[in-house]
Number of protein chains: 2
Amino acid sequence: MPNVYRALGDPTRRHILSMLKQGSKTQKEIVEAFDMSQPAIKKHLNILLEERIISESLNGKYRIYSINLNTLQIGYREMIQYIGELLDDQLVSLKNYVEKGEFRDEEN
Amino acid sequence: MPNVYRALGDPTRRHILSMLKQGSKTQKEIVEAFDMSQPAIKKHLNILLEERIISESLNGKYRIYSINLNTLQIGYREMIQYIGELLDDQLVSLKNYVEKGEFRDEEN
DNA sequence: CTTTCATATAACCATTAGGTTATATATAAT
DNA sequence: ATTATATATAACCTAATGGTTATATGAAAG
């Protein structure tokens, strides 16, 4: 259901997600990281929220955004599945190993 | 440079790519596979061409479209790299195995 | 209670996307 | 030469994107 292509299709949104990967951030912190108006950033946050790639929580006058790894992972896997099939890429079979827990990293 | 998010962001275009994976197709064949006008399909083909995900060749009055696996693979890897980093997914390290050719499938 | 700060919302703008119908062009077939 | 077929293009429509500025709201600090 969440549209990862939509969510990740914009470079500003990808940048926001990279920030959130480092830890949750207030909207203010995010806005300050860009040379862009607060409403513009808010629109990007809204799209990420709609696609459930991030979540929002309240703390007084602050809104705190965090990345939603579950949803991202689901979309990620769908994309890998689809494109991998197009490519007959080895990663698709690897992916199955990972998901079945059958992969052993024998170098460690 | 090719924008894979843009190219793959539309379900019709993903469907077209799935068709082309089965082999090159004329525009006519593609149009017939959809309940959509020829100009609409042509627009999708143009976007895929712009993003270099497919190529076009001429054969008399026919235009033949084929999938461009190289470009797809490049974009695919960029996406996997980016999202994988967000997720710190095991797939990222797996991906490196694959690309370095260090993975051995010990089940076969 | 007034001011300040963080966020939200409204109104606007230009561009792109995704579709339509109608029509032009180019090649092939009769 | 005419007709049929495949593709291209133009004009149009609606909705979504990505941005702006101006203003409203809500919480916290003075």
Side-chain angles (χ1 to χ4, degrees), chain A residues 1-20 22-68 75 79 82, chain B residues 1-20 22-68 75 79 82:
Chain A
M1 216 61 173
N3 185 341
V4 188
Y5 297 105
R6 181 185 183 221
L8 301 183
D10 180 88
T12 300
R13 288 196 287 275
R14 289 196 294 274
H15 191 174
I16 289 173
L17 289 176
S18 298
M19 288 183 66
L20 294 183
Q22 310 300 111
S24 300
K25 300 261 177 301
T26 65
Q27 187 183 128
K28 192 202 172 207
E29 292 175 296
I30 299 169
V31 168
E32 283 170 351
F34 292 86
D35 187 20
M36 202 181 288
S37 69
Q38 176 259 326
I41 294 295
K42 175 61 169 146
K43 284 188 186 180
H44 286 301
L45 291 170
N46 282 341
I47 287 176
L48 291 169
L49 284 168
E50 275 178 43
E51 302 302 342
R52 309 201 176 285
I53 303 292
I54 64 173
S55 335
E56 194 186 40
S57 68
L58 294 176
N59 188 332
K61 65 178 166 179
Y62 296 93
R63 268 79 186 148
I64 296 166
Y65 296 93
S66 359
I67 198 164
N68 187 338
M79 291 192 351
Y82 172 70
Chain B
M1 216 62 173
N3 185 341
V4 188
Y5 298 105
R6 181 186 184 220
L8 301 183
D10 180 89
T12 301
R13 288 195 288 276
R14 290 196 293 274
H15 191 174
I16 289 173
L17 289 176
S18 298
M19 288 183 67
L20 294 182
Q22 309 301 110
S24 300
K25 301 261 177 301
T26 66
Q27 187 182 128
K28 192 202 171 207
E29 291 175 297
I30 298 170
V31 168
E32 283 170 350
F34 291 87
D35 187 21
M36 201 180 288
S37 69
Q38 175 258 328
I41 294 295
K42 176 61 169 138
K43 284 188 186 180
H44 286 301
L45 291 171
N46 282 341
I47 287 176
L48 291 169
L49 285 169
E50 276 177 41
E51 302 302 343
R52 310 200 175 287
I53 303 292
I54 63 174
S55 339
E56 193 187 40
S57 67
L58 293 177
N59 187 332
K61 65 177 166 180
Y62 296 94
R63 269 76 186 150
I64 297 166
Y65 295 93
S66 357
I67 197 164
N68 187 339
M79 292 192 348
Y82 171 70

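Note on naming: letters A, B, ... go to the chains in the order of the sequence lines (proteins, then strands), and numbering restarts at 1 for each one.
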Assess the side chains of B:Gln38 and B:Gln27: does a donor N or O sit below 3.5 Å from an acceptor N or O?
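Indeed, the side chains of B:Gln38 and B:Gln27 share at least one donor-acceptor pair under 3.5 Å.
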Does the side chain of A:Leu58 reach to within under 4.5 Å of the side chain of A:Arg63, using non-hydrogen atoms?
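Yes - at least one pair of side-chain heavy atoms lies under 4.5 Å apart.
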Around A:Arg6, counting heavy atoms of other residues, nucleotides and ligands shown, do more than 12 lie under 6.0 Å from its CZ?
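Yes - once you tally the heavy atoms of other residues, nucleotides and ligands closer than 6.0 Å, there are more than 12.
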Reported CG-to-CD1 distance for the pair B:Asn3 and B:Ile53, which is rounded to 0.5 angstrom
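If I round to the nearest 0.5 Å, the distance is 9.0 Å.
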Spacing of A:Glu29 atom CD and A:Met19 atom CE [to the nearest 0.5 Å]
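Atom-to-atom, A:Glu29:CD and A:Met19:CE are 7.0 Å apart.
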Under a 4.0 Å heavy-atom cut-off, which of [range] touch DNA chain D?
| range | result |
| --- | --- |
| residues 3-15 of chain A | A:Arg6, A:Asp10, A:Arg13 |
| residues 59-66 of chain B | B:Lys61, B:Tyr62, B:Arg63, B:Tyr65 |
| residues 23-42 of chain A | A:Met36, A:Ser37, A:Pro39, A:Ala40 |

Terminal contacting nucleotides, 5' and 3', DNA chain C versus chain B (heavy atom, 4.0 Å):
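Range of nucleotides touched by chain B: C:dA17 to C:dA28.
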Would you please name every residue forming a ring-ring contact (aromatic ring centres under 6.0 Å, His included) with B:Phe34, sequence neighbours left out?
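Only B:His15 meet the ring-ring contact (aromatic ring centres under 6.0 Å, His included) criterion with B:Phe34.
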In this structure, how many angstroms lie between the P atom of D:dG19 and the CG atom of A:Leu45, rounded?
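To the nearest whole Å, that distance equals 12 Å.
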Side chain to side chain contact (heavy atoms under 4.5 Å, CB included) involving B:Glu32 - partner list, sequence neighbours excluded
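Residues passing side chain to side chain contact (heavy atoms under 4.5 Å, CB included) with B:Glu32: B:Lys28.
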Could you tell me whether the side chain of A:Arg14 and the main chain of A:Leu8 form a donor-acceptor pair under 3.5 Å?
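Yes; judged by distance alone, with no hydrogens or angles, the pair exists.
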Donor-acceptor contact present, side-chain B:Arg13 to main-chain B:Ala7, <3.5 Å
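Flag set: sc B:Arg13 to bb B:Ala7 pair under 3.5 Å.
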Which atom of A:Pro2 lies closest to which atom of A:Glu51, heavy atoms considered:
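Taking every non-hydrogen atom into account, CB-O, 3.0 Å.
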Between A:Ser24 and A:Ile64, what is the shortest heavy-atom contact and its length?
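Of all heavy-atom pairs spanning A:Ser24 and A:Ile64, the closest is CB-CG2, 3.7 Å.
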State which residue, out of B:Asn68, B:Ile67, B:Leu48, fulfils the side chain to side chain contact (heavy atoms under 4.5 Å, CB included) condition with B:Leu20.
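Among B:Asn68, B:Ile67, B:Leu48, the one meeting side chain to side chain contact (heavy atoms under 4.5 Å, CB included) with B:Leu20 is B:Ile67.
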